[in-house]
Amino acid sequence: MDHIAATDCNCTESAKIGREGHLLNNLQHTASHQAERPQKSINQSVVSAWTGTQSSSLHSSNAHQTQAHVGQQPVQDQGSKPQNADTPKLQMKVQPKTPTDPPFIGDKYTREDTIPQTNCSVSIRRRFPKTSFREKYLEWVPVLQWKKHGTEKEYHRLSQYNGAHGWSVLSFNTLKAALSLLNTTANQRMFDDWDSRSNKDKCIRCAVVGNGGILKDSKKGKEIDQHDYVFRTNGAVIKGFEEDVGSRTSFYTFSTNTMRNSMRSYAHVGYHGPPLSQETRYIFLPDHDRDYILLLAAVTHTPIETGPDRSKTPPTFFGDHVTAEKFKVYHPDFIRYIRNRFLRSRALKTNYRDLYRPSTGAVMLLAAVHTCDQVSAYGFMTPDYTKYSDHYYDTSYHKVVFYINHDLQLEMNLWQQLHKEGIIKLYMRQ
């Protein structure tokens with residue numbers, strides 16, 4: 001399932017937790033990809049310039065009411081002290097106000113109004129306003145980032161947020177070079193081929209497939225493949241399991257770290273890299289500069305010069321002749337938005353708040369919820385998860401292990417609520 005930290009974590013950060021006594025062992029960066037003959041390499045100090053900037057307007061949640069939406073209490077500044085009832089009024093007036101949100105939350109997002117690709121009468125976007133999620137849901141937050149977002153103004157805004165939630169660990173030159181390659185409608189729209197399909201007047205039906213053990217012997221493969229699009233993530237082993245999980249992959253969600261860890265951890269059951277097919281699109285969930293560097297190398301077919309992924313030959317994870325049109329990248333505003341409003345974990349009130357983010361599978365499922373008309377979810381955690389092994393391809397039973405970098409219980413509860421309110425159709429054995 002997409003919830004084992006060995007395949008879905010920031011390894012460098014997680015090692016920190018391990019030293020403090022948490023269950024985060026076996027989390028090390030994959031050894032560098034080595035190859036045989038040198039070719040043109042990517043030098044981070046010499047990146048192609050991108051011209052043409054476009055500023056984005058910022059929008060905050062309704063008068064900063066994030067806590068009211070999400071059901072959390074404001075986090076007080078650690079330096080502030082509770083007021084005594086006998087404190088003179090004059091003294092109280094000069095006390096600084098406690099902010100509604102701590103700065104790292106950042107419940108402000110760029111706005112991107114897009115025209116829906118269908119006029120589906122039963123679309124999720126029409127249902128959200130009728131559910132308990134109506135105050136949390138913002139349909140205008142961009143799910144994907146591309147060339148127009150790579151401006152100095154946006155970099156200044158987003159560089160204050162860490163990991164997948166912003167660009168704090170990324171240089172502007174690397175960002176600009178990578179995003180400049182994503183300059184077509186194929187990079188801007190999730191369903192870039194929808195208009196060319198014969199069924200384009202229908203609703204967009206998506207199957208989102210996690211890797212949970214609940215899918216073993218489910219016989220759901222045919223049902224999954226009958227959807228318009230199929231989403232998968234991380235160690236998505238398909239060969240030999242088609243009857244249960246299907247064979248198609250329209251979108252593969254990953255970070256460089258989770259992909260490499262999956263290749264190392266699940267090679268013995270047949271996972272050797274992302275699915276390769278004409279249909280497949282690759283969606284980066286970037287939580288480090290290495291994701292943008294890999295994107296740049298894959299599109300330009302050049303080796304990676306430095307870092308844990310350095311190589312002598314171009315990366316071939318996505319095929320030898322992959323083009324820029326095959327790639328999409330989740331926008332950090334979208335990751336922060338779903339964390340703040342849908343998966344606001346108590347971990348954000350702990351010393352490990354910088355390590356927490358929604359799991360890769362959660363990002364994938366919520367991205368589908370925000371782009372598809374109808375979503376069926378398979379292989380995600382359900383309340384009876386202890387009955388099933390961690391993954392559908394496990395050769396023996398492995399219990400689900402919980403780590404601090406994700407809140408799987410919170411995610412499980414969210415899937416149940418989304419299912420109950422008719423936003424998704426969640427596969428459950430019972």
Side-chain angles (χ1 to χ4, degrees), residues 6-8 10-12 27-50 146-147 150 169-171 173-184 186-187 232-239 249 251-330 360:
T7 62
D8 190 13
N10 183 318
C11 296
T12 302
L27 300 177
Q28 300 175 353
H29 283 303
T30 304
S32 303
H33 174 66
Q34 299 295 330
E36 299 179 354
R37 61 183 187 281
Q39 297 185 12
K40 183 177 70 170
S41 63
I42 290 180
N43 188 326
Q44 293 186 57
S45 63
V46 183
V47 293
S48 58
W50 172 69
W146 51 290
K147 179 179 177 178
V169 295
L170 180 65
S171 74
N173 284 345
T174 300
L175 172 74
K176 184 171 65 173
L179 292 189
S180 70
L181 301 172
L182 306 181
N183 54 26
T184 70
N187 311 121
R232 300 185 193 273
T233 187
N234 291 344
V237 184
I238 295 176
K239 188 176 181 180
T249 303
F251 302 103
Y252 175 76
T253 289
F254 69 103
S255 72
T256 303
N257 186 51
T258 62
M259 178 188 70
R260 283 187 169 275
N261 281 337
S262 294
M263 292 174 67
R264 182 180 68 240
S265 300
Y266 308 128
H268 68 286
V269 290
Y271 181 80
H272 304 293
L276 300 175
S277 74
Q278 184 177 356
E279 175 187 13
T280 306
R281 306 293 192 263
Y282 305 101
I283 313 180
F284 276 92
L285 198 178
D287 52 17
H288 202 274
D289 65 349
R290 64 193 296 211
D291 297 292
Y292 295 89
I293 292 171
L294 176 58
L295 170 64
L296 186 59
V299 173
T300 59
H301 300 282
T302 52
I304 297 174
E305 186 179 71
T306 61
D309 306 306
R310 63 185 178 275
S311 61
K312 295 181 179 179
T313 58
T316 58
F317 303 116
F318 316 103
D320 295 327
H321 306 290
V322 69
T323 62
E325 288 73 21
K326 282 274 199 172
F327 292 99
K328 306 177 195 293
V329 183
Y330 289 119
T360 310

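As a basis for the values below, the full set of heavy atoms in this structure was taken, side chains included, without hydrogen atoms, waters or symmetry mates. Fair warning: this is a prediction, and the values are worked out from it, not measured in the lab.
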Roughly how far apart are [X] [atom1] and [Y] [atom2], rounded to 0.5 Å?
{"X": "Asn257", "Y": "Leu285", "atom1": "CG", "atom2": "CG", "answer": "11.0 Å"}
{"X": "Asp291", "Y": "Thr256", "atom1": "CG", "atom2": "OG1", "answer": "3.5 Å"}
{"X": "Ile293", "Y": "Leu170", "atom1": "CD1", "atom2": "CG", "answer": "8.0 Å"}
{"X": "Leu276", "Y": "Thr316", "atom1": "CG", "atom2": "OG1", "answer": "9.0 Å"}

Problem set entry | Atom of Phe254, atom of Asn234 and distance for their closest heavy-atom approach |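 Distance-wise, the nearest heavy atoms are CA-OD1, 4.1 Å.
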Exercise. What closest approach, in Å, do Val169 and Asp287 show between heavy atoms, and which atom pair accounts for it?
Worked result: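 Taking every non-hydrogen atom into account, CG2-O, 4.3 Å.
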Problem set entry | Contacts of type ring-ring contact (aromatic ring centres under 6.0 Å, His included), residue Tyr271, not counting sequence neighbours |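 In terms of ring-ring contact (aromatic ring centres under 6.0 Å, His included), with neighbours along the sequence ignored, Tyr271 is linked to no residue.
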For this session: Please name all residues satisfying ring-ring contact (aromatic ring centres under 6.0 Å, His included) with Phe251, sequence neighbours left out, ordered by chain then number.
Result: Phe191, Tyr229, Phe231
Is there side-chain contact between [X] and [Y], with heavy atoms separated by less than 4.5 Å?
{"X": "Pro274", "Y": "Thr280", "value": "no"}
{"X": "Phe318", "Y": "Lys326", "value": "no"}
{"X": "His301", "Y": "Val322", "value": "yes"}

For this session: Could I get the full list of side-chain contact (heavy atoms from CB on, under 4.5 Å) partners for Glu279, not counting sequence neighbours?
Result: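 If we apply the side-chain contact (heavy atoms from CB on, under 4.5 Å) test to Glu279, skipping adjacent residues, the hits are Arg197, Arg248, Ser250, Ser277.
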Exercise. Who pairs with Tyr282 by side-chain hydrogen bond (donor to acceptor under 3.5 Å, both in side chains), at least two apart in sequence or on another chain?
Worked result: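 Once residues adjacent in sequence are excluded, Tyr282 has no partner under the side-chain hydrogen bond (donor to acceptor under 3.5 Å, both in side chains) criterion.
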Problem set entry | Residue list, side-chain hydrogen bond (donor to acceptor under 3.5 Å, both in side chains) with Asn187, at least two apart or on another chain |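 Asn187 satisfies side-chain hydrogen bond (donor to acceptor under 3.5 Å, both in side chains) with Thr184 once adjacent residues are dropped.
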Problem set entry | Derivation and outcome, side chain to side chain contact (heavy atoms under 4.5 Å, CB included), residues Leu181 and Phe327 | CA-CA 10 Å; Leu181 301 172; Phe327 292 99; over 6 Å; no
